[in-house]
S.K.: 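Pasting a structure here, questions to come.
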Amino acid sequence: MTLELIFRLLGGVGMFLFGMTVMSAGLRNACGDNLQSILEKATSNKLMAVLVGFAVTVLVQSSSATDIMVIGFVNSGMMTLSQAIGVIMGANIGTTVTAQITAFNIAAYAPLILFVGTVMYLFVKKTTVKYAGEFLLGFGMLFVGISLMKFAIAPMAKSEEFLNILSGLNNPAAAVIFGIAFTALLQSSSSSTVIFQTFAFQGLLGYHTAVYLVIGAAIGSVTPNVIASLTTNRNGKRTAILNLLFNLIRAAILIILINVFPDFLNWIQDLSPDSIARQVANTHTIFAIIAVALELPFTGLIIKAAEKIIPVLPEENEQLEDRKLQYMVNMKNMPSQMAIANAHREIVRMGTIAEKNLKRALECFFDYDINKVISVKAREESVTILNRAIDTAMLELRTMSLTDEAVGRVSELSIAVTDIERISDQAENIVEFAEEMHDKKSRLSDDAVAELKDMASDAKKIVHVALDIFANENYTLLPLLDKIEAGIDLKKAQLINNHVERLMNTGCEPFAGIIFTNLVTDLERVGDHAENIAYALADIEPENPRKK
């Protein structure tokens, strides 16, 4: 095999992979945010989740892209593992469409497709047409890449060295392992399957060898998901494990099936007797459908296996509870006053979570601990998710038959939700300050720490009092709250003046000084939001009303 042929083969593979990327980008751009919206709406209905996974993967032409989006949704709490596994299964079927497309022999039209796509992309200003042109460019590149690969592979049939390598793949175990490794390298089962198709088309691989390569490719396709999950939380990692388990079980089922019923492969071949490329594509699709059909009823067991591999910690159960509505459920089946009362209880619960987050964040700032950082950020996600769920439920509440007074109370409750969410935002800011201080090994002076601890104590106290007022509508505590709030405002000015003096006397590091000022500002904002919460349901205004 000459160096020129090697370059042609590599160029063909590169063109094919780049074409896949361009085609996927064109489809994704055309769909906008709709793909994520579709995924978010994947319900607990298993079949619907499979269909969603299939549809999205057909659009983006990459099961890895779909799976990585799913890992992101699970990581953020927007999707459960039971929803995720259905989407993952659907994606495994959707990814087989690429091989079905490339099994058509339309390489002769690829240059025309490239030309039309180029004209649409470069010379048409309309956005939708440009995206369609981007898709056609990628589509044309696919077949140009395949043509290059076929041209480079054809002479390999005369190379004894290459034939000796491929002859080793006649062993099913070796073929599966090669399929895993090759797909892990390309990070795309669609790409590796198309290359196996090309080898088979040129007579370098027999159909039965290609079958085991396809089985291995499904396992190797999980590699990008495993890599993507390394930076996610434990639930995100479980999602990648789900995909791996599904494909390992799929491989075991298919190997048993084709060995117990060898005529099954003959039946697939008979579907397209004159095209081995189509036989490989059909095998890829049929295997995926069979695996989903057989494993779908047992998704609960697969999820339990993933949770055995990465055990569920107590704080994760707490997180799951935090992110679910507990009181604002089935509100249409209850009197409006009861629904409003339950909304109040739900928001109080959200406030308790935000208060806990603020306390943990301040603990982390004064005594840095990476586990506390992770805990605060996870709880902030919980507050954000709960906030979104409450907002949706409040919209449902507004559709009920409400008196003018009730409408006013719902509006007041909605305002409180925003301020509670902002307090949790400040908690996240505080741990980010802690991370910056830790990373730069910067330290505050003892005086600065003492001042911040004093102001932090007031911030925690005002949030606690505000939530007490909001929960019990005990307005006798408002004078106490106003006193704490006035003290926080006064301390802000005093602490910043003290800080400037320390900087002038080189008593504080410049970077630590920036963090000091930012933290003082955030603590003052916590006081503002707490005051808004306390007065949210009251018929009186704060002593010193101002925009917050």
Side-chain angles (χ1 to χ4, degrees), residues 231 233 315 318-319 322 350-384 387 419-467 481 484-485 487-503 506-533 548:
T231 57
N233 59 27
E315 52 264 36
E318 178 187 355
Q319 187 181 96
D322 285 349
M350 178 181 168
T352 303
I353 297 168
E355 180 187 14
K356 191 185 297 184
N357 216 26
L358 177 66
K359 288 179 179 177
R360 178 59 62 88
L362 289 168
E363 286 174 14
C364 181
F365 184 85
F366 296 114
D367 182 17
Y368 182 81
D369 182 342
I370 185 61
N371 291 322
K372 290 178 181 176
V373 172
I374 294 169
S375 171
V376 169
K377 290 185 176 182
R379 191 172 281 126
E380 160 56 16
E381 282 184 12
S382 298
V383 172
T384 300
N387 179 24
D419 282 293
I420 289 170
E421 202 273 333
R422 296 281 168 79
I423 288 174
S424 189
D425 285 344
Q426 302 300 338
E428 185 175 35
N429 288 347
I430 291 167
V431 294
E432 287 174 355
F433 297 154
E435 284 183 298
E436 291 176 30
M437 292 279 288
H438 179 77
D439 292 344
K440 295 185 180 294
K441 295 181 171 56
S442 187
R443 294 178 61 83
L444 290 161
S445 67
D446 291 342
D447 289 343
V449 171
E451 289 174 348
L452 285 175
K453 283 185 175 180
D454 182 45
M455 190 172 181
S457 176
D458 284 349
K460 289 187 287 186
K461 187 184 299 181
I462 196 171
V463 170
H464 186 74
V465 172
L467 288 172
L481 179 126
I484 300 171
E485 164 65 2
I488 288 175
D489 289 344
L490 183 62
K491 282 179 182 176
K492 178 186 177 183
Q494 290 175 340
L495 265 58
I496 290 178
N497 287 335
N498 293 346
H499 162 63
V500 171
E501 187 175 334
R502 278 193 295 273
L503 282 176
T506 65
C508 192
E509 297 175 17
F511 181 77
I514 294 171
I515 296 296
F516 178 92
T517 304
N518 288 340
L519 181 55
V520 166
T521 301
D522 276 6
L523 290 174
E524 191 269 339
R525 287 173 180 164
V526 167
D528 290 347
H529 293 306
E531 187 178 41
N532 289 344
I533 294 165
K548 299 174 181 168

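Here the structure is a predicted model, which is why all the values come from computation and not from measurement.
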S.K.: Please list all pairs passing the salt bridge (Lys or Arg N to Asp or Glu O under 4.0 Å) test where one or both residues lie in residues 444-456, with sequence neighbours left out.
M.R.: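 Output for this query lists E451-R502, D454-K491.
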S.K.: For E380, enumerate each residue passing the salt bridge (Lys or Arg N to Asp or Glu O under 4.0 Å) test, keeping only those at least two apart in sequence or located in another chain.
M.R.: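 Scan of E380 (salt bridge (Lys or Arg N to Asp or Glu O under 4.0 Å), adjacent residues dropped) gives none.
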S.K.: As an exercise, state the distance from NE2 of H499 to CG of L452, rounded to the nearest 0.5 Å.
M.R.: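 It comes to 10.0 Å.
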S.K.: Would a 4.5 Å heavy-atom cut-off, applied to side chains only, mark F365 and I515 as touching?
M.R.: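 Side chain of F365 against side chain of I515, heavy atoms only: contact under 4.5 Å found.
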S.K.: Calculate, to the nearest 0.5 Å, the distance between atoms CD1 and CZ belonging to I533 and R422 respectively.
M.R.: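 Output value for this atom pair is 11.0 Å.
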S.K.: For T521, which residues count as a side-chain hydrogen bond (donor to acceptor under 3.5 Å, both in side chains) partner, sequence neighbours excluded?
M.R.: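 Testing T521 for side-chain hydrogen bond (donor to acceptor under 3.5 Å, both in side chains), a comparison that skips the adjacent residues, returns none.
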S.K.: Could you give the side-chain donor-acceptor pairs of residues 426-439 under 3.5 Å, partners two or more places apart or in another chain?
M.R.:
unit_1, atom_1, unit_2, atom_2, d
Q426, OE1, N429, ND2, 3.4
N429, ND2, D522, OD2, 3.3
E435, OE1, K377, NZ, 3.0

S.K.: Check whether any side-chain heavy atom of D528 lies under 4.5 Å from a side-chain heavy atom of E485, and answer yes or no.
M.R.: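 Yes, side chains in contact.
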S.K.: In Å and rounded to the nearest 0.5 Å, what is the CD1 to CG distance from I420 to L467?
M.R.: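 Interatomic distance, I420 CD1 to L467 CG, rounded to 0.5 Å: 6.0 Å.
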S.K.: A quick test of your reading: do over 12 heavy atoms of other residues, nucleotides or ligands sit less than 6.0 Å from NZ of K461?
M.R.: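 Incorrect, the count does not exceed 12.
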S.K.: Can you tell me how far the CD atom of Q494 sits from the CG atom of N497, to the nearest 0.5 Å?
M.R.: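 Result: 8.0 Å between the selected atoms.
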S.K.: How would you list, by chain and number, every residue that makes a side chain to side chain contact (heavy atoms under 4.5 Å, CB included) with A456, sequence neighbours excluded?
M.R.: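 Applying side chain to side chain contact (heavy atoms under 4.5 Å, CB included) to A456 gives L362, F366, L523.
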S.K.: Does the side chain of V373 come within less than 4.5 Å of I370's, by heavy atoms?
M.R.: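 Side-chain contact under 4.5 Å: yes.
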S.K.: Mind checking the OG1-NZ spacing from T517 to K492? Nearest 0.5 Å is all I need.
M.R.: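 Output value for this atom pair is 10.0 Å.
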S.K.: Please collect all side-chain hydrogen bond (donor to acceptor under 3.5 Å, both in side chains) contacts where either partner lies in residues 356-370, sequence neighbours excluded, each pair once.
M.R.: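 Listed by first then second residue: E318-K356, N357-S424, R360-S375.
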S.K.: How far does CZ of R379 sit from CD1 of I353, to the nearest 0.5 angstrom?
M.R.: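 Going from the CZ atom of R379 to the CD1 atom of I353 covers 8.0 Å.
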